[in-house]
Amino acid sequence: MSPAVRGKAGNLPHELTSFVGRRRESTEARRLLAASRLVTLTGIGGVGKTRLALRVAEESRRAFPDGVWLAELGPLSSPDMVEDAVSSALGVRELMPHQPWSLADHLADRHLLLILDNCEHLLDAVAELAGSLLRGCRELRILATSREPLGIAGEAVLRVPPLAVPDPDRPQRRRGTPRYESVVLFEERAGAAVPGFGVTDDNRAAVTRICQRLDGLPLPIELAAARMRAMSPDQILQRLTDRYRLLGVGIRGAPSRQQTLRLCIDWSHELCTPPERELWGRLAVFAGRFELDAAAAICGEGIDPDELFDLVASLVDKSILNRDDDGYRMLETLRDYGADRLAESGERDRLLRRHRDWYEKLVLRAEAEWVGADQLMWLARLHAERPNMRAAMRFCLADPAEAEAGLRIASAMGHYCLSRGQIQEGRHWLDAALEHQGGAPTAARVRALCTDILLAGNQGEVVAAAARLAEARAAVAALADPWLEGLLAHAEGYLAVFSGDLQRALDRFRRALSGLRVDAHSVPYISSLLGIALAHAVLGDLDRAAAFQEQALAITEPSGESLYRSYSLCILGLAYIRTDRNRARTLLEQGLDLDRKSDDVVGTAISVEALAWIADLDGDQGRAAVLLGAAQAMWHAVGSAGVTVPALREFHEQCMERTRRGLGDRAFAVAFRRGADSAFEDTIAHALGEQPVTPVPTETVLTRRERQVADLVARGMTNRAIAEALVISRRTAEGHVEHVLTKLGFNSRSQIAAWVAERKGSNVPDLG
């Protein structure tokens with residue numbers, strides 16, 4: 001046996017900075033190494049493959065008696081250099097400088113882990129060497145990093161994703177919101193650049209947005225954090241419009257291709273074939289996720305369909321595209337790079353128009369099939385396609401000739417916006433499209449105005465809705481179209497409901513049903529049936545409410561749709577609250593079960609609010625307070641102050657008053673906040689009785705140390721500053737803050753500060 005590497009621990013470099021996150025990936029990589037002799041970590045440049053590989057190797061040392069060894073292949077320029085570089089990393093040449101040697105013979109009986117780092121530019125040579133070594137060295141295991149797999153037998157591939165970032169379209173209301181890895185990384189690296197820096201309530205929004213804009217990629221996040229020496233988080237965020245210039249100052253000592261963001265992406269671009277580069281640029285026209293049908297229709301000109309699929313698959317392998325259940329996605333950093341290449345090609349404007357045309361057809365098709373078995377599919381598809389819909393709208397608003405298309409898209413998205421609680425955004429695009437179109441009386445304008453009326457009314461904005469109604473009447477009068485007259489009457493009926501004029505609502509809904517009867521399966525017709533049922537229910541006419549509700553169910557039940565069935569059940573449930581609470585509860589719970597399938601925020605808010613009223617009438621004030629808080633959070637999420645039907649506000653006000661009086665102010669506030677902080681799915685489970693009701697405490701007890709921590713948080717101090725002030729470790733300070741948040745039922749430091757201020761202002765004695 002030759003001396004070789006026996007007895008040495010390996011050649012892993014020491015970590016110079018802390019390792020952040022990656023617990024799941026690290027655990028999975030070790031699991032794969034235990035089962036497979038070749039594991040390849042893949043991902044885009046700058047995602048942290050090398051750091052993860054080194055951490056996994058360090059944590060795996062004890063499993064390899066002959067050590068863990070790193071061969072850095074990134075600097076190599078020729079395939080012929082690969083075996084020599086690996087041999088050099090293992091120290092073989094130094095041990096046997098004048099003897100004939102074979103790397104496979106040398107490692108034949110060695111139980112070691114070999115890291116082959118940055119293989120992508122020498123893929124064939126690395127794959128050949130790895131295969132040869134694995135065949136000849138039964139105790140050898142290889143951990144490779146590459147922007148695409150090696151593609152040899154027995155290889156296990158682990159895709160390394162970017163660090164987790166908060167979803168910008170989903171505000172976090174869950175208690176104990178997790179600390180996102182990307183934000184932690186920025187905080188730690190910024191703290192190294194500016195000692196004492198910490199993420200606070202004042203800078204959290206800017207830091208979070210920086211991490212979102214940089215896709216959670218560690219390399220650009222570290223480059224951005226280094227800029228903290230000269231800029232604030234807000235200034236960095238403002239300058240990320242040209243991220244490649246801002247992040248052009250690199251990290252000394254890093255490989256040249258990783259020193260700046262531009263060089264890192266250039267390296268990936270060079271590794272692609274010309275057809276792959278062309279498709280990369282074309283796919284940059286998508287603003288978010290996309291599916292193959294969209295890619296083929298918009299970007300497939302001149303490309304055979306089978307070839308297009310192969311190119312997409314290759315871009316996935318090379319980590320330019322990510323694939324998940326919602327389709328394909330390109331990181332914003334890579335999309336910006338591709339957009340620059342697309343602009344250079346001269347195809348940009350033509351592809352943007354094709355993009356707009358395709359998404360207009362998509363949303364119009366969704367509107368036509370909205371009441372049907374595919375409703376949930378369309379809800380999910382439009383939810384995933386929101387960035388592309390926004391891009392299509394921006395295209396329309398940039399050219400007066402595209403105004404009508406903008407109105408059609410914004411109107412067709414109205415059903416989605418109402419059901420998913422995206423009312424404010426829906427109104428934003430409608431208002432912008434209406435202004436851009438200029439006022440010419442067209443069918444598209446009438447549809448947009450009527451949609452705007454419904455969205456505004458659901459937010460309680462009756463004055464704004466009335467102004468739009470006046471415009472719609474003028475346009476309909478000029479067009480003299482019976483169907484548009486029915487559509488207008490439908491909007492007038494709902495505005496009358498939101499304004500409290502129920503007799504007028506009945507009259508307008510009857511007119512709407514007459515004008516829209518030509519298409520009894522359309523959304524406006526079904527919505528008119530539900531509107532007239534609601535008006536009768538609020539007026540106490542249960543028989544007529546039930547009759548119209550049953551007509552709506554007769555249309556919607558056979559199709560298997562969910563949204564309008566849940567609305568009809570909710571409306572009938574509201575009708576029975578005064579006379580038969582058990583039946584009302586059953587109907588509302590059935591509607592909520594359907595809401596769970598569609599993630600309908602508005603419908604859920606109404607049902608949860610009504611179930612709170614029933615709980616109060618049943619004497620369960622604790623449950624009522626929790627449900628009231630949950631409903632209010634959902635109302636606020638859709639931009640509404642609360643119950644929008646005046647005749648129903650009496651229920652809300654009486655419920656609030658009785659519940660507060662029954663529980664007491666402090667216990668009511670805790671229960672209400674518990675509901676407000678619940679996630680959507682937890683709210684439904686609680687309302688349906690699937691989760692036990694947590695007893696509402698009459699007082700909140702903090703220990704003496706926790707009271708001290710709460711006071712320091714209220715002064716705006718970071719965890720690091722709290723640790724220094726109390727002479728404790730930062731980890732201990734973090735634990736105290738988490739305990740305070742949990743005990744008080746809060747999810748932010750600002751809530752602790754408000755609680756401390758409230759207690760001091762009301763002279764509430766200390767507890768504990």
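Excluded from the calculations below are hydrogen atoms, water molecules and symmetry mates; all remaining heavy atoms, backbone and side chain alike, are included. Just so we're clear, the structure is a prediction, and the values are computed from it rather than from any experiment.
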Enquirer: Atom CH2 in Trp429, atom CG in Leu434: separation rounded to 0.5 Å?
Expert: 13.5 Å
Enquirer: Ignoring hydrogens, what is the shortest heavy-atom contact between Ala725 and Leu712? Give both atom names and the distance.
Expert: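 Between these two residues, the closest heavy atoms are CB-CD1, 4.2 Å.
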Enquirer: Determine, stepwise, if the pair Leu726 / Thr732 fulfils side chain to side chain contact (heavy atoms under 4.5 Å, CB included).
Expert: CA-CA 10 Å; Leu726 299 179; Thr732 300; over 6 Å; no
Enquirer: Apply side chain to side chain contact (heavy atoms under 4.5 Å, CB included) to Arg585 and Asp618, showing your working.
Expert: CA-CA 11 Å; Arg585 184 187 299 108; Asp618 287 343; 2.3 Å; yes
Enquirer: Can you check whether Phe197 reaches Arg189 side chain to side chain, under 4.5 Å on heavy atoms?
Expert: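 With C-beta onward as the side chain, the pair stays apart.
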Enquirer: May I have the step-by-step check of side chain to side chain contact (heavy atoms under 4.5 Å, CB included) for Phe186 and Met228, ending in yes or no?
Expert: CA-CA 10 Å; Phe186 184 95; Met228 285 291 295; 4.0 Å; yes
Enquirer: Quick check: closest heavy atoms across Ser598 and Leu563, and the distance to 0.1 Å?
Expert: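 Between these two residues, the closest heavy atoms are OG-CD2, 3.6 Å.
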Enquirer: Val756 and Ala710: which non-hydrogen atoms are nearest, and at how many Å?
Expert: CG2-O, 3.7 Å
Enquirer: Taking C-beta and beyond as the side chain, do Phe509 and Leu534 meet within less than 4.5 Å on heavy atoms?
Expert: no
Enquirer: Applying side-chain contact (heavy atoms from CB on, under 4.5 Å), name anything that partners Arg565, two or more places apart in sequence or on another chain.
Expert: Leu553, Thr556, Glu557, Glu561, Ser562, Leu594
Enquirer: Is there a side-chain contact between Phe498 and Glu461, using heavy atoms and a 4.5 Å cut-off?
Expert: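 A side-chain contact under 4.5 Å is absent here.
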Enquirer: Do the non-hydrogen side-chain atoms of Ile606 and Leu574 ever get within less than 4.5 Å of each other?
Expert: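 Yes, their side chains come closer than 4.5 Å.
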Enquirer: Before giving the answer on side chain to side chain contact (heavy atoms under 4.5 Å, CB included), spell out for Cys570 and Leu588 the whole-Å C-alpha distance, their side-chain angles and the decisive distance to 0.1 Å.
Expert: CA-CA 5 Å; Cys570 175; Leu588 290 166; 4.0 Å; yes
Enquirer: Which distance, rounded to the nearest 0.5 Å, do you find between the OG of Ser568 and the CG of Leu572?
Expert: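 Atom-to-atom, Ser568:OG and Leu572:CG are 8.0 Å apart.
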Enquirer: Is the closest side-chain heavy-atom distance between Leu628 and Glu609 below 4.5 Å?
Expert: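 The answer is yes, as the side chains (C-beta and beyond) meet within the 4.5 Å cut-off.
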Enquirer: Under 3.5 Å, is there a donor-acceptor pair between the side chain of Asp616 and the main chain of Ala612?
Expert: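 Flag not set: sc Asp616 to bb Ala612 has no pair under 3.5 Å.
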Enquirer: Can a salt bridge be assigned to the pair Arg661 and Glu657 using a cut-off of 4.0 Å between side-chain N and carboxylate O?
Expert: yes
Enquirer: Nearest 0.5 Å please: distance from the OH atom of Tyr576 over to the CG atom of Asn582.
Expert: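 Rounded to the nearest 0.5 Å, the OH-CG separation comes out at 13.0 Å.
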Enquirer: Taking all non-hydrogen atoms of both residues, which atom of Asp600 and which atom of Leu418 are closest, and how far apart?
Expert: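 Result for this residue pair: OD1-O, 4.1 Å.
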Enquirer: What residues form a side-chain contact (heavy atoms from CB on, under 4.5 Å) with Ala721, not counting sequence neighbours?
Expert: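 Applying side-chain contact (heavy atoms from CB on, under 4.5 Å) to Ala721 gives Met717, Thr718.
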Enquirer: Checking Ser640 now: which residues fulfil side-chain contact (heavy atoms from CB on, under 4.5 Å) with it, not counting sequence neighbours?
Expert: Trp635, Val638, Thr644
Enquirer: Testing the basics here: between Ile221 and Cys211, what is the closest heavy-atom pair and its distance to 0.1 Å?
Expert: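 Shortest heavy-atom separation between Ile221 and Cys211 comes out as CD1-SG, 4.3 Å.
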Enquirer: Keeping the roles fixed (side chain from Asn458, backbone from Leu455), state whether a donor-acceptor pair exists under 3.5 Å.
Expert: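 It does not hold such a pair.
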Enquirer: Is any side-chain heavy atom of Glu425 closer than 4.5 Å to one of Met413?
Expert: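 Counting from C-beta outward, Met413 and Glu425 never come under 4.5 Å.
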Enquirer: Thinking salt bridges, do Glu188 and Arg730 make one under a 4.0 Å N-O criterion?
Expert: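 Looking at Arg730 together with Glu188, the answer is no, because their closest N to O distance does not fall below 4.0 Å.
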Enquirer: Taking ring-ring contact (aromatic ring centres under 6.0 Å, His included) as the cut-off, I'd like each qualifying pair that reaches into residues 710-739, sequence neighbours left out, listed once.
Expert: none
Enquirer: Under a 4.0 Å threshold between the charged nitrogen and the carboxylate oxygen, would Glu181 count as salt-bridged to Arg24?
Expert: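 Judged by the 4.0 Å cut-off on N to carboxylate O distance, Arg24 and Glu181 do not form a salt bridge.
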Enquirer: At what distance, to the nearest 0.5 angstrom, does OG of Ser566 lie from CD1 of Ile571?
Expert: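 Between atom OG of Ser566 and atom CD1 of Ile571 there are 9.5 Å.
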Enquirer: Using ring pair (Phe, Tyr, Trp, His ring centres under 6.0 Å) as the criterion, list what pairs up with His490, not counting sequence neighbours.
Expert: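 Once residues adjacent in sequence are excluded, the partners of His490 under the ring pair (Phe, Tyr, Trp, His ring centres under 6.0 Å) criterion are Tyr494.
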Enquirer: Measure the CZ-OG1 distance between Arg468 and Thr451 for me, rounded to the nearest 0.5 Å.
Expert: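 These two atoms lie 11.5 Å from each other.
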Enquirer: With distance as the sole test, does Asn203 use its side chain to make a donor-acceptor pair with the main-chain N or O of Gly198 at under 3.5 Å?
Expert: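 Checked: pair present.
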Enquirer: For Arg649 and Val643, indicate whether the former's side chain and the latter's backbone hold a donor-acceptor pair under 3.5 Å.
Expert: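 Yes, Arg649 side chain to Val643 backbone: donor-acceptor pair under 3.5 Å.
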Enquirer: Measure from the side-chain N and O atoms of Ser499 to the backbone N and O of Asp501, and report whether any donor-acceptor pair falls under 3.5 Å.
Expert: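 Side chain of Ser499 to backbone of Asp501, a donor-acceptor pair under 3.5 Å: no, none is there.
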Enquirer: Look at the side chain of Arg623 and the backbone N and O of His686, then say whether any donor-acceptor pair between them is shorter than 3.5 Å.
Expert: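 Answer holds: yes.
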Enquirer: In chain order, what residues pass the side-chain contact (heavy atoms from CB on, under 4.5 Å) check against Arg22, with sequence neighbours excluded?
Expert: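 For Arg22 the side-chain contact (heavy atoms from CB on, under 4.5 Å) partners, ignoring immediate neighbours, are Phe19, Glu25, Val47, Leu52, Val160, Pro161, Leu163, Pro218.
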Enquirer: Quick check for you: to the nearest 0.5 Å, what is the distance between Ile577 atom CD1 and Trp613 atom CH2?
Expert: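 Reported to 0.5 Å precision, the distance equals 5.5 Å.
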Enquirer: Going by atom types only, do Arg427 and Gln424 share a side-chain donor-acceptor pair under 3.5 Å?
Expert: no
Enquirer: Would you check, one step at a time, whether the test salt bridge (charged side-chain N to carboxylate O under 4.0 Å, His left out) holds for Glu187 with Arg720?
Expert: CA-CA 12 Å; Glu187 182 178 33; Arg720 182 179 297 172; over 6 Å; no
Enquirer: Keeping Gln549 on the side-chain end and Ala533 on the backbone end, is there a donor-acceptor pair under 3.5 Å?
Expert: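 Here the side-chain-to-backbone pair does not exist.
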Enquirer: Side chains of Leu592 and Arg596: does their closest heavy-atom pair fall under 4.5 Å?
Expert: no
Enquirer: More than 12 heavy atoms of other residues, nucleotides or ligands under 6.0 Å from CZ of Arg204: yes or no?
Expert: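 Yes - once you tally the heavy atoms of other residues, nucleotides and ligands closer than 6.0 Å, there are more than 12.
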Enquirer: Testing the basics here: between Leu741 and Arg749, what is the closest heavy-atom pair and its distance to 0.1 Å?
Expert: CD2-N, 4.5 Å
Enquirer: In terms of the angle between their ring planes, are Tyr416 and His383 parallel, tilted or perpendicular, with boundaries placed at 30° and 60°?
Expert: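 Taking His383 first and then Tyr416, their aromatic rings sit tilted (interplane angle of 30° to 60°).
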